[in-house]
Amino acid sequence: MEAFTTHTGRAVPLRRSNVDTDQIIPAHWLKKVTRNGFEDGLFEAWRKDEKFVLNLPERAGATVLVAGFDFGTGSSREHAVWALQNYGFKAVISSRFADIFRGNSLKNGLLTVVLPQETVERLWKLTEADPTAEVTVDLVAREVRAEGITAAFELDDNARWRLLEGLDDISLTLANEADITTYERSRPAHKPSTVQV
Amino acid sequence: MGRTLAEKVWDDHVVRRAEGEPDLLYIDLHLLHEVTSPQAFDGLRLNGRQVRRTDLTIATEDHNTPTLDIDKPIADPVSRTQLETLRKNCAEFGVRLHPLGDVEQGVVHVVGPQLGLTQPGTTVVCGDSHTSTHGAFGALAFGIGTSQVEHVLATQTLPLARPKTMAITVGGELPADVTAKDLILAIIAKIGTGGGQGYVIEYRGPAIEKLSMEARMTVCNMSIEAGARAGMIAPDRTTFDYLQGRDHAPTGADWDAAVEYWQTLRTDDDAVFDHEVYIDGASLAPFVTWGTNPAQGAPLSASVPDPASFDDPSDRQAAEKALEYMGLHAGQPLREVKVDTVFVGSCTNGRIEDLRAAASIVEGRQVADGVRMLVVPGSVRVALQAVAEGLDKVFTASGAEWRHAGCSMCLGMNPDQLAPGERSASTSNRNFEGRQGKGGRTHLVSPQVAAATAVLGHLASPADLTDSDARTAVEA
C-alpha cells in the first residue's frame, strides 16, 4: 500500500449527501479485472453534465474531495476507491462515511477524513469562493488545514500507523500465523465445510 | 454483564486480541463471485501466496451471467473474460466453483443458505455488501472489499474493530398484507441510510420470531441499506428446521453438538445494546420507495413528499434531486405512479416463497399492456422448485418472462437493464440513480406489490386488485 503522511492540494466541493458507490463507479465498470483504468468511470453519469463540479476547468488537478454526509454507501465495490485514486484524489473529507467504503479506502492509502458537518460547510464555502485555495490533510498531526480553518480529526492509532508506514495487512497478519493455527485446532467439528458431499 | 448475540459470535472467533490493535477474527465461510475476486487472486499470485482454507471457500457466478440463452457463449466479451477469470482462478487455487449451467449456480447469497453452509454462530464474508443476508441464521455475516477478500483467502482471518450493537425490536403482529420487505423498508426509512453505520443490528421481538427463514433473510439482506454492515436474528426452531437435512448441515452427533451450541446464541437478558429502536409491527403497511436512496420510502397509500417538508437542508436538497431524477412531483399519490417494468428476483426477494407470493397474485390475471415483467429466480435450485410447482407456467401465462437464475436487473451488469427514463417496480434492494440501467428509475417493493403493480400498470398492492382483473384475464 502507498504510504500517506501529509498531502496538500486543491479541493473539489461536492455538495451532495448519500453519494453511493454506484454513482462513484457504475456497475458496468466492474467487469474489469484490474485495479487501474477506472478514472473515466468516476462519477460517470454526473460528468455527462458539463456544469458538474468535476468538469469545471478550475477544478482540474484537484486532489481533495469534500463531500456531503454518508459518502460511499451501498455496494462494497473497492473499485470506488480505485476510481477516486486513479482520477487523482488523495483524500476525501465528509462528516460520515459508509463502513465498507471507509475500510476499503484505508486499505488502499486513500485517506478518508471525518470532520463535523459545520467544518465541511466551511471548507465548501472557502473552496467554492476560491478554487485555488489549498487544503492540507496532515495525518502526522491528524489535522486538516486551509485558510482560516484548522480542524483536528480522529483516526485510531493502529490504522494511522499502517497508513503512515504503508504497511501490507496480510504480512502483518501472517506474522501471527501461529495464533491462527492454534485457533484452527480448537474449531468444533460441526462447523461447515465446503468440501463437496 | 451479559452479552448480545453479536458479541457472543464475535468473541468465539477472536484469534488474537492485543492492546491497541483490531481483533483478528477467524472466518468460517468465504463466498466468492466473479466481480470482486479477480484482483484478490492477482494479489495472491503476486506475493506467491495460496488459499489457506479451500475447504471453507466456495464460488459461484451470478453478477454478470445472462438470464437468456445460457447455453450460448456470453455475448459481452468483457463479462465473458471476467467469468473465465474466475474459472481459471478457482482451478488454479483449488476453490470449489458452481459456474453458469451448474445445478448449484445462483446468486451467492441464495446459494450459501440453500446448501446449508450458512449456519448459526459462524462468521461469513463475501466481497458483496448483501452478505448481511446470512445474518438471518444468527451468523455474523458482512460484506468486504477486494483487499479483504485477498486477506481472507491468504489467512482465513480479518483484522476488525469491534462494532457497536443495535437492537431493532419489532413488537406486535404484522398485518396480513405486510411482508418482510415492507418491514425492512420501513425500518430503513425510520433510521436512515446512515442510522446503522458502525453497528451490527439484531432484529428481535415477536414479529421477527414469527418470520420464516426466507423472510428473515429479506430483512437481514437490507441491513446494509441502513448503513449496518451486518444484521442478525437469533437462531431458533425455525432456523434448525430449515437447516436439518441440507447438504452441508451437520449430521449425527455433530448435529446434536451444533444445536446445543446454537441454542446458546441468544442475547442475554442483562445484555446492554449501544442503541435500541422499537417498531410497532401492527402499525406497518405495504411500503415503497419514491426516491434514489432506500431510506426515501413511504407507505403505498401515501403521496410523494414535498421536499420543503424536510427540516434538514441536506435532506431537502436530496429529496429535490431525487424527485427531479425520478420524474415525480410533490403530492402525487404513489398509487398513480405508472411503471414500465416489473422485476421479481435478487438476493433480497428471489427465493421460492417470493416466487410463490408473486405467482399467486398474477395467477389468472394478465400483466398490463405495455408493462414488461421479468421473473428471475435467485438460483437454479429455486428455479427447479418453481418449475416443479408449475410457477413458471403461471408467470408465462400471465405474460411475464421466466428467466434463468442470477443477479440480473438488480444491478444491470448483464443485458437485463432499464432504458433511460424507464421506470421499474423492483423487488431488489437499491434504488440508486442508474442502478438498474443508465437513467432508469427504480421503486423498491415487495414481491406482492410487484405482482399487483404488473397487473395494474401502476404501483399497487394485492388489495387493489378486483375480481374483474381476473375476469379480463380469462376472457383474454
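Just so we're on the same page: letters track the sequence lines, and every chain starts at 1. Just so you know, these numbers use all the heavy atoms, side chains as well, and skip hydrogens, waters and symmetry mates.
- Proximity to chain A (any heavy atom under 4.5 Å) is shown, for B:Arg435, by both the backbone and the side chain.
- Neither the backbone nor the side chain of A:Ser105 comes within contact range of chain B; no heavy atom of the residue lies under 4.5 Å from a heavy atom of that chain.
- Contacts between B:Glu104 and chain A at a heavy-atom distance below 4.5 Å are absent for every atom of the residue.
- Among the candidates B:Asp128, B:Leu56, B:Thr36, the residue making the largest number of heavy-atom pairs closer than 4.5 Å to chain A is B:Leu56.
- Inspection of the A:Arg145 and A:Thr150 side chains reveals no N or O donor paired with an N or O acceptor under 3.5 Å.
- Looking only at heavy-atom pairs under 4.5 Å with chain A, the residue among B:Gln417, B:Arg49, B:Glu21 that has the most is B:Arg49.
- With chain A as partner, the option from B:Thr155, B:Leu160, B:Ile58 having the largest number of non-hydrogen pairs under 4.5 angstrom is B:Thr155.
- Side-chain atoms of B:Thr442 and B:Gln436 include a donor-acceptor pair closer than 3.5 Å.
- Without hydrogens or angle criteria, A:Trp46 side chain to A:Gln23 main chain gives no donor-acceptor distance under 3.5 Å.
- Interface remark: A:Arg96 contributes side-chain atoms only to the contact with chain B (heavy atom separation under 4.5 Å).
- One side chain, B:Arg430 or B:Ser129, offers a donor N or O that lies under 3.5 Å from an acceptor on the other.
- By number of non-hydrogen pairs under 4.5 angstrom with chain B, the leading residue of A:Asp168, A:Asn104, A:Val81, A:Leu30 is A:Leu30.
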Test log, rule salt bridge (Lys or Arg N to Asp or Glu O under 4.0 Å), inputs A:Glu128 and A:Arg15: CA-CA 10 Å; A:Glu128 279 166 352; A:Arg15 277 191 186 264; 2.8 Å; yes

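- Note on B:Gly143, B:Gly116, B:Gly196: by heavy-atom pairs under 4.5 Å with chain A, the leading option is B:Gly143.
- A donor-acceptor pair under 3.5 Å is formed between the side chain of B:Thr122 and the backbone N or O of B:Gln119.
- Most heavy-atom pairs under 4.5 Å with chain A, from the set B:Gly192, B:Pro250, B:Ser147: that is B:Ser147.
- Both tests do not hold together for A:Arg77 against A:Trp29: distance to the six-membered ring centre under 6.0 Å, angle to the ring axis within 45°.
- Counted by atom type alone, A:Thr173 and B:His151 present one or more donor-acceptor pairs between their side chains at under 3.5 Å.
- Residues A:Asp138 and A:Thr136 bring no donor and acceptor atom of their side chains to less than 3.5 Å of each other.
- Residue with the most contacts toward chain A among B:Gly227, B:Pro22, B:Pro159: B:Pro22 (heavy-atom pairs, distance under 4.5 Å).
- Proximity to chain A is limited to the side chain of B:Thr157, based on heavy atoms less than 4.5 angstrom apart.
- With chain B as partner, the option from A:Glu44, A:Glu78, A:His28 having the largest number of non-hydrogen pairs under 4.5 angstrom is A:Glu78.
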Would A:Phe71 and A:Asp20 satisfy side-chain contact (heavy atoms from CB on, under 4.5 Å), going step by step from the backbone distance to the final call? CA-CA 6 Å; A:Phe71 187 86; A:Asp20 58 75; over 6 Å; no

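- Contact of B:Val14 with chain A is made through the backbone alone, with heavy-atom distances under 4.5 Å.
- Between chain B and the options A:Val33, A:Thr21, A:Asp169, heavy-atom pairs under 4.5 Å are most frequent for A:Val33.
- Heavy atoms of A:Arg102 lying under 4.5 Å from chain B are absent altogether.
- Neither the backbone nor the side chain of B:Asn429 comes within less than 4.5 Å of any heavy atom of chain A.
- Between the side chains of A:Thr63 and A:His7, at least one donor N or O sits under 3.5 Å from an acceptor N or O.
- Proximity to chain A (any heavy atom under 4.5 Å) is shown, for B:Asp28, by both the backbone and the side chain.
- In this structure, the portions of B:Asp55 lying under 4.5 Å from any heavy atom of chain A include both its backbone and its side chain.
- Heavy atoms closer than 4.5 Å to chain B are found nowhere in A:Trp161, neither backbone nor side chain.
- Of the N and O atoms on the side chains of A:Asn158 and A:Arg162, at least one donor lies less than 3.5 Å from an acceptor on the other residue.
- Proximity to chain A (any heavy atom under 4.5 Å) is restricted, for B:Gln317, to the side chain, taken from C-beta onward.
- Residues B:Thr193 and A:Asn18 bring a donor and an acceptor atom of their side chains to less than 3.5 Å of each other.
- With B:His30 contributing its side chain and B:Gln156 its backbone, the two residues share no donor-acceptor pair below 3.5 Å.
- For B:Gln197, the parts lying near chain A are the backbone and the side chain together; criterion is any non-hydrogen pair under 4.5 Å.
- The aromatic rings of B:His13 and A:Tyr183 are tilted relative to each other, their planes meeting at an angle between 30° and 60°.
- Both the backbone and the side chain of A:Gln196 come within contact range of chain B, each with at least one heavy atom under 4.5 Å from a heavy atom of that chain.
- In this structure, A:Lys32 satisfies the cation-pi test against A:Phe38, with its NZ or CZ atom closer than 6.0 Å to the six-membered ring centre and inside 45 degrees of the ring normal.
- Along residues 409-416 of chain B, the residues that come nearer than 4.5 angstrom to chain A, judged on non-hydrogen atoms, are B:Leu411, B:Met413 in order of number.
- Residues forming a side chain to side chain contact (heavy atoms under 4.5 Å, CB included) with A:Glu154 (at least two apart in sequence, or on another chain): none.
- Looking only at atom types and distance, the side chain of B:Tyr26 has a donor-acceptor partner in the side chain of B:Arg53 under 3.5 Å away.
- Using a 4.5 Å cut-off between heavy atoms, B:Thr54 touches chain A through its backbone atoms (N, CA, C, O) alone.
- A donor-acceptor pair under 3.5 Å links the side-chain atoms of B:Gln39 to the main chain of A:Thr34, judged by distance alone.
- A:Trp82 and A:Asn108 are linked by a side-chain donor-acceptor pair at a separation below 3.5 angstrom, with hydrogens and angles left out of the test.
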Begin from the C-alpha positions of B:Lys321 and B:Glu433 and carry the test salt bridge (Lys or Arg N to Asp or Glu O under 4.0 Å) through to its verdict. CA-CA 10 Å; B:Lys321 281 193 194 296; B:Glu433 289 181 21; over 6 Å; no

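- In this structure, chain B has no heavy atom under 4.5 Å from any part of A:Asp156.
- When B:Val125, B:Thr131, B:Ile224 are each tested for a side chain to side chain contact (heavy atoms under 4.5 Å, CB included) with B:Phe142, only one passes: B:Val125.
- Without hydrogens or angle criteria, A:Ser94 side chain to A:Gly68 main chain gives a donor-acceptor distance under 3.5 Å.
- Neither the backbone nor the side chain of B:Leu158 comes within contact range of chain A, judged by heavy atoms closer than 4.5 Å.
- A:Ser171 touches chain B through backbone and side chain together, each having a heavy atom under 4.5 Å away.
- With a 4.5 angstrom heavy-atom cutoff, B:Asp247 touches chain A via backbone and side-chain atoms both.
- Between chain B and the residues A:Val195, A:Ile180, A:Asp70, A:Asp179, the largest count of heavy-atom pairs under 4.5 Å involves A:Ile180.
- Proximity to chain B is absent for every atom of A:Ala45, based on heavy atoms less than 4.5 angstrom apart.
- For B:Leu24, the part lying under 4.5 angstrom from a heavy atom of chain A is the side chain only.
- Both the backbone and the side chain of A:Ser75 come within less than 4.5 Å of a heavy atom of chain B.
- Interface residue B:Thr85: only side-chain heavy atoms are found under 4.5 Å from chain A.
- Contact annotation for A:Phe97: only backbone heavy atoms (N, CA, C, O) come within less than 4.5 Å of a heavy atom of chain B.
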